[in-house]
Amino acid sequence: MSTSRIAAVDVGNDAIKAIFGKMDSELYIPNVIARDVEDRPVIGIEDLDQQDPIEGIHIRVHSPALLENNAIYRVGNLATKSDNPFELDPGSSKSEEDQTLVMLFATLALDAVNEKQAAAFKKTNNVIDANYTLGTGLPLREVKEGRDVGYRSKLLGSVHQVEFLITPKYQGLKVNIKFDEVKVYPEGFAAYINLVMDNNSNVINRDLIDKQILIQDIGGLSTDIAVIKNRKVDDDKAQGFNLGVAEALEAIREEIRKKHGVELDSRRDVVEIITKKNDRNHIMVRGSRTSVHDITDRILGELAKKQYRHLRNVWQKNSQTEICYFIGGGSIVLKDYLKALNNHLDGYNIDFFEDEKESIWMMSNAYYKLITDFVRKNSKIEAKKEEQKTGSAK
C-alpha cells in the first residue's frame, strides 16, 4: 500500500507554489495552460530527455472533477510559448475553474514521477499510484460563499490521472492521484498562521498573537482583507474584492504593444519588467533599451489608489487595528506605490515582506504548517485509539 505524502499547494493566479513531504521538495510553475495536440512538434526530439521537465510539461488529464475531461495541455513555461496561452480572467472563481485543477494535478504528478519518490509510491509498468494528504486554500470570498466544500468534494473520492506525453524524462508515464485527506483553508487565516507559527506549531511571534491586525492579500484576480481578532479571522468583517493586478498587467502589455510595437507573451513578462533588479521598467525596442516608466507608473499608480481605498474603508470599520500586512504577488508589484500613497496620505501602520521569496511562498508555507499540524494531531488520535483497542483486547 502506498504511503500518503504531504502536499501543501498554493494555486496562485500568477504561479503555483508547492511544498512536499518533509519539505524535501518544492515546485514553482507559472499558472498558464494552453490546449494542445498529442503529438506536439519538437525540434531535436532525440535530445528531449536532456531537458528540464519543468520547461516542457505536456500532459493529458483525466478526472471526473473536470468540465473538459481527457484534454491535452501544455503547462507552465511551455504554455507561455504557445499561440493560445490561457491565464485566469478577472471575475473567475478559483474553485470552479478547470485551470486550477489542471495545475494542481500537474504539480502533484511532477512530484510523484520524480525519481526521489521511487520508494514512496507503487509503480506498475508505466503507472504510478500516488496518495496525497493535501493542504491548500481558496480566497476568503469563496470560502465565505461555501465553495470550499464543493472544491474539496471534487478532489476526494475520485482518482485523477495525469499522463505525460512529450515531456522530458517522463514521456509515457501515467500518475493516478488519490487524496486521503484534503484541507481547504481561507487564505487570510493561512497568512496569519504563517506569521505566528513555525513548522512545529510553536508560536514564533508573540507580539502579534493577541493583536487586532489586517492582512491584505493582493492577488492576480482578487484582493482579500482578513480581519484577525482573538487569534482567528472575523468572518463578518473579512472582505473580498474582485480587484487584482491582472487587469493592470494586461493594460500595460497592451499599451506597450500599441506604443512600441513589442508583443509580450504573457502577464508574467510584464511582472518581470516591473520587478527586475536591473533596468526596471525598461524593454528592448529594435535592440535599443527603452523606458516604459510612463506606462507602468500611470496604470499601477491608479490601481494602488483603489487598493489603498479598500484598506482605508476596512480600517475605518475596524478602528482598533494595530497593523496591516500586505502579502501576495500583487503587493510586490504595488509596494512602492502603496508606500508612497501612505506616506502622503493617512500614514497607517503598514508592513510589507521585503524578502520577495518569503512573500511569494507565504501561502504554501502556511498550508504546510497547517496540514502537518493536522497530520500530527490525527496520528496522535489514531495511536490513542489503537492503544485503547489493544488495552481492551487484553
Side-chain angles (χ1 to χ4, degrees), residues 5 7 9-21 24-63 66 68-88 97-118 120-121 123 125-128 130 132 160-177 220 263-272 360-361 364:
R5 183 161 161 81
V9 185
D10 171 23
V11 186
N13 294 312
D14 177 58
I16 197 162
K17 287 81 69 177
I19 301 168
F20 297 98
D24 51 69
S25 175
E26 62 181 44
L27 283 169
Y28 180 97
I29 305 169
N31 190 352
V32 187
I33 62 174
R35 292 293 293 269
D36 204 10
V37 294
E38 186 168 349
D39 195 22
R40 72 177 177 94
V42 177
I43 297 166
I45 187 82
E46 62 279 359
D47 299 321
L48 186 69
D49 286 345
Q50 308 306 312
Q51 297 168 22
D52 184 348
I54 292 288
E55 298 300 318
I57 307 167
H58 182 234
I59 56 174
R60 187 200 316 271
V61 189
H62 172 79
S63 167
L66 294 169
E68 294 192 57
N69 205 352
N70 279 324
I72 294 168
Y73 297 97
R74 296 178 176 213
V75 174
N77 290 328
L78 187 66
T80 63
K81 298 166 189 168
S82 167
D83 292 334
N84 58 335
F86 190 82
E87 298 172 274
L88 290 172
E97 293 287 340
D98 269 7
Q99 180 158 346
T100 304
L101 295 174
V102 169
M103 292 300 304
L104 174 65
F105 298 150
T107 304
L108 295 174
L110 278 165
D111 174 69
V113 294
N114 191 312
E115 48 275 14
K116 292 177 188 172
Q117 267 50 268
F121 300 127
K123 184 177 179 184
N125 298 323
N126 282 337
V127 181
I128 297 165
Y132 284 95
H160 317 277
Q161 187 183 82
V162 174
E163 178 185 356
F164 288 96
L165 301 173
I166 304 174
T167 303
K169 297 181 184 173
Y170 304 139
Q171 212 175 155
L173 291 178
K174 293 180 182 178
V175 181
N176 291 329
I177 298 164
E263 289 278 0
L264 299 172
D265 289 336
S266 67
R267 297 195 288 250
R268 290 189 55 77
D269 289 342
V270 181
V271 172
E272 195 173 313
I360 290 169
W361 285 84
S364 45

The criterion is side-chain contact (heavy atoms from CB on, under 4.5 Å); which residues satisfy it with [X], sequence neighbours excluded?
{"X": "D98", "value": "L66, L67, E68"}
{"X": "E97", "value": "L88, S92, T100"}
{"X": "A15", "value": "K17, Y28, R268"}

For F105, which residues count as a ring pair (Phe, Tyr, Trp, His ring centres under 6.0 Å) partner, sequence neighbours excluded?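 Per chain and number, F105 pairs via ring pair (Phe, Tyr, Trp, His ring centres under 6.0 Å) with H160.
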Would you please name every residue forming a ring pair (Phe, Tyr, Trp, His ring centres under 6.0 Å) with Y132, sequence neighbours left out?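 Y132: ring pair (Phe, Tyr, Trp, His ring centres under 6.0 Å) contacts with F121.
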Whether Q51 side chain and G56 backbone form a donor-acceptor pair below 3.5 Å: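 Checked: no pair found.
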Judged by atom type as modelled, is there a donor-acceptor pair below 3.5 Å linking the side chain of T167 to the main-chain atoms of H58?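 Judged by distance alone, yes, a pair lies under 3.5 Å.
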Closest contact, heavy atoms only, [X] versus [Y]:
{"X": "A79", "Y": "A34", "result": "CB-N, 3.8 Å"}
{"X": "A106", "Y": "I59", "result": "CB-CD1, 3.7 Å"}
{"X": "I128", "Y": "A112", "result": "CD1-O, 4.0 Å"}
{"X": "D10", "Y": "S364", "result": "CB-N, 3.8 Å"}

Do [X] and [Y] touch side chain to side chain, with heavy atoms closer than 4.5 Å?
{"X": "L101", "Y": "V61", "answer": "no"}
{"X": "I57", "Y": "Y170", "answer": "no"}
{"X": "R267", "Y": "V32", "answer": "no"}
{"X": "D39", "Y": "I166", "answer": "yes"}
{"X": "L108", "Y": "V175", "answer": "no"}

Roughly how far, to the nearest 0.5 Å, is [atom2] of [Y] from [atom1] of [X]?
{"X": "K174", "Y": "N126", "atom1": "NZ", "atom2": "CG", "result": "8.5 Å"}
{"X": "D111", "Y": "K116", "atom1": "CG", "atom2": "NZ", "result": "9.5 Å"}
{"X": "F20", "Y": "L110", "atom1": "CZ", "atom2": "CG", "result": "8.0 Å"}

Going through the checks in order, is the side chain to side chain contact (heavy atoms under 4.5 Å, CB included) test met by L27 and I54? CA-CA 9 Å; L27 283 169; I54 292 288; 3.6 Å; yes
Test: side chain to side chain donor-acceptor pair (under 3.5 Å). Region: residues 69-78. Which pairs qualify, not counting sequence neighbours?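 Sorted result for residues 69-78: D36-R74, E55-N77, H62-N69, H62-N70.
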Return the set of residues passing side-chain hydrogen bond (donor to acceptor under 3.5 Å, both in side chains) with N84 (not counting sequence neighbours), or none when no residue passes.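 N84 satisfies side-chain hydrogen bond (donor to acceptor under 3.5 Å, both in side chains) with S82 only.
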Who pairs with [X] by salt bridge (charged side-chain N to carboxylate O under 4.0 Å, His left out), at least two apart in sequence or on another chain?
{"X": "E263", "result": "none"}
{"X": "D24", "result": "R5"}
{"X": "E38", "result": "R60"}

Would you say that more than 12 heavy atoms from the other residues, nucleotides or ligands in this model lie under 6.0 Å from the CG of N125, or not?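 No.
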Take V11 and Q99 through the side chain to side chain contact (heavy atoms under 4.5 Å, CB included) test and state the conclusion after the steps. CA-CA 10 Å; V11 186; Q99 180 158 346; over 6 Å; no
So N31 and I16, side chain to side chain contact (heavy atoms under 4.5 Å, CB included) or not? Walk me through it. CA-CA 6 Å; N31 190 352; I16 197 162; 5.6 Å; no
